[in-house]
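The shown structure was predicted, so the numbers you read here are calculated from the model rather than taken from an experiment. Residue indices begin at 1 and follow the sequence shown.
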Amino acid sequence: IAKATAAVSRLFDTLFDLSRMDHQQLKVRNEPLNIAEVMEDLRDQYEPVARAKDVELRMRTVRGELTTDPVLVRRMIGNVVSNAIKFTPPGKKVLISARTRGPTVLVEVWDQGVGIAPAELRKVFLEFYKVAGAAENAEGFGLGLSIVARLAHVLDTRLSVRSRPGKGTVFRMSIGASKSLAPIRSRQERSA
């Protein structure tokens with residue numbers, strides 16, 4: 001009963017968020033955002049989830065600032081990372097990377113999961129849509145990527161997805177104008 005109540009509560013919260021975005025009631029607060037801090041926070045947040053599933057989570061990023069909404073950017077990237085871990089089998093990897101592309105930061109989330117058939121790629125951003133074959137084994141309502149698409153729109157972020165069934169998927173988010181960016185190494189690279 002407790003699990004079902006929590007699931008219904010999460011569903012209602014998500015639906016309220018979608019409604020606010022659809023009615024332009026979501027306020028974007030543009031302020032400086034340190035992309036390296038965001039990436040490291042997301043790694044720290046999702047590393048235990050990945051480890052519990054025996055999925056290796058890796059990260060590469062750049063140092064520097066963006067001007068955008070830190071809360072919404074974290075949520076957008078976090079939803080994609082959560083999905084990547086969810087659909088990646090044990091023993092495989094998920095990579096989160098941030099690098100410069102002209103005046104923007106390109107954030108990519110690569111997984112070695114089940115992949116998405118070409119006919120389904122456009123549908124993954126629809127509400128309540130779950131990829132055939134993957135949905136049976138995953139919790140959730142099929143709303144995470146719908147929220148990602150709406151957040152990308154609100155944040156003026158270019159969002160794309162590429163996938164190969166049986167090989168994995170990569171989501172790309174081209175975020176905001178950046179300044180003073182320089183590469184930094186991940187923990188794994190520093191310890192090697």
Side-chain angles (χ1 to χ4, degrees), residues 2-15 17-18 33-61 69-99 105-116 124-125 127-152 157 159 161-164 166-173 175 184-192:
K3 276 183 151 180
T5 303
V8 169
S9 177
R10 283 194 309 274
L11 175 60
F12 280 130
D13 288 345
T14 301
L15 290 172
D17 288 346
L18 286 171
L33 172 140
N34 183 316
I35 191 65
E37 284 179 13
V38 169
M39 298 291 283
E40 290 168 0
D41 289 348
L42 288 168
R43 182 198 50 223
D44 292 345
Q45 178 182 350
Y46 287 102
E47 207 164 37
V49 176
R51 199 174 318 117
K53 194 178 172 193
D54 191 28
V55 170
E56 183 181 347
L57 184 62
R58 291 187 169 197
M59 184 204 68
R60 290 196 180 110
T61 190
D69 188 306
V71 173
L72 298 182
V73 165
R74 284 173 198 267
R75 182 151 185 214
M76 180 177 66
I77 300 169
N79 278 2
V80 177
V81 172
S82 175
N83 262 18
I85 294 168
K86 187 185 303 182
F87 294 109
T88 298
K92 299 289 186 172
K93 297 174 188 168
V94 170
L95 170 68
I96 315 166
S97 72
R99 57 190 168 164
V105 170
L106 179 65
V107 174
E108 297 177 321
V109 179
W110 296 76
D111 70 48
Q112 295 179 323
V114 296
I116 304 166
V124 298
F125 297 110
E127 291 124 1
F128 302 108
Y129 187 79
K130 292 185 174 189
V131 173
E136 300 85 35
N137 300 323
E139 293 180 17
F141 304 105
L143 292 171
L145 292 177
S146 175
I147 290 173
V148 168
R150 282 177 167 86
L151 288 172
T157 292
L159 173 66
V161 58
R162 219 178 57 206
S163 187
R164 289 179 51 200
K167 300 288 183 181
T169 303
V170 58
F171 284 87
R172 290 187 171 96
M173 295 156 274
I175 305 171
I184 61 171
R185 297 184 314 171
S186 68
R187 277 189 208 155
Q188 288 94 350
E189 291 174 317
R190 286 192 299 258
S191 62

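Tested against Leu95, the residues Glu108, Arg58, Met59 include a single side chain to side chain contact (heavy atoms under 4.5 Å, CB included) partner, Arg58.
The minimum heavy-atom distance linking Met173 with Ile77 is given by the pair SD-CG1, 4.1 Å. Residues Val105 and Ala98 come closest through the heavy atom pair CG1-CB, 3.9 Å. Between Pro89 and Gly113 the shortest heavy-atom distance is CD-CA, 3.8 Å. Listed here is the closest heavy atom pair of Val94 and Val55: CG2-CG1, 3.8 Å. When every heavy atom of Thr61 is checked against every heavy atom of Ile35, the shortest pair comes out as OG1-O, 4.2 Å. In terms of heavy atoms, Glu47 sits closest to Leu57 at N-CD2, 3.6 Å.
Here the CZ-CD1 distance, from Arg43 to Ile96, works out to 8.5 Å after rounding to the nearest 0.5 Å. From Asn34, atom CG reaches atom CD of Glu40 across 8.0 Å, with rounding to the nearest 0.5 Å. Here the straight-line distance linking atom CG of Leu72 with atom OG1 of Thr157 works out to 9.5 Å at 0.5 Å rounding. Atom CZ of Phe171 and atom CG of Asn83 lie 6.5 Å apart (nearest 0.5 Å).
A heavy-atom distance below 4.5 Å is not found between the side chains of Lys92 and Asp111.
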Candidate pair Arg99 and Arg60, rule side-chain contact (heavy atoms from CB on, under 4.5 Å), full reasoning: CA-CA 8 Å; Arg99 57 190 168 164; Arg60 290 196 180 110; over 6 Å; no
Please test Leu42 against Gln45 for side-chain contact (heavy atoms from CB on, under 4.5 Å), starting from the C-alpha separation and ending with a verdict. CA-CA 5 Å; Leu42 288 168; Gln45 178 182 350; 4.0 Å; yes
Checking Leu159 against Met76 for the side-chain contact (heavy atoms from CB on, under 4.5 Å) test, could you report, in this order, the C-alpha distance in whole Å, the side-chain angles of both residues, the deciding distance, and whether it holds? CA-CA 10 Å; Leu159 173 66; Met76 180 177 66; 5.9 Å; no
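Proximity of a side-chain donor or acceptor of Gln112 to a complementary backbone N or O of Lys93 within less than 3.5 Å is detected. Judged by distance alone, the side chain of Tyr46 and the main-chain N or O of Gly78 form a donor-acceptor pair under 3.5 Å.
In this structure, Lys53 places its NZ atom where more than 12 heavy-atom neighbours from other residues, nucleotides or ligands lie under 6.0 Å away.
Partners of Thr169 by side-chain hydrogen bond (donor to acceptor under 3.5 Å, both in side chains), not counting sequence neighbours, listed by chain and number: Ser163. Residues passing the side-chain hydrogen bond (donor to acceptor under 3.5 Å, both in side chains) test with Asp41, sequence neighbours excluded: Arg74.
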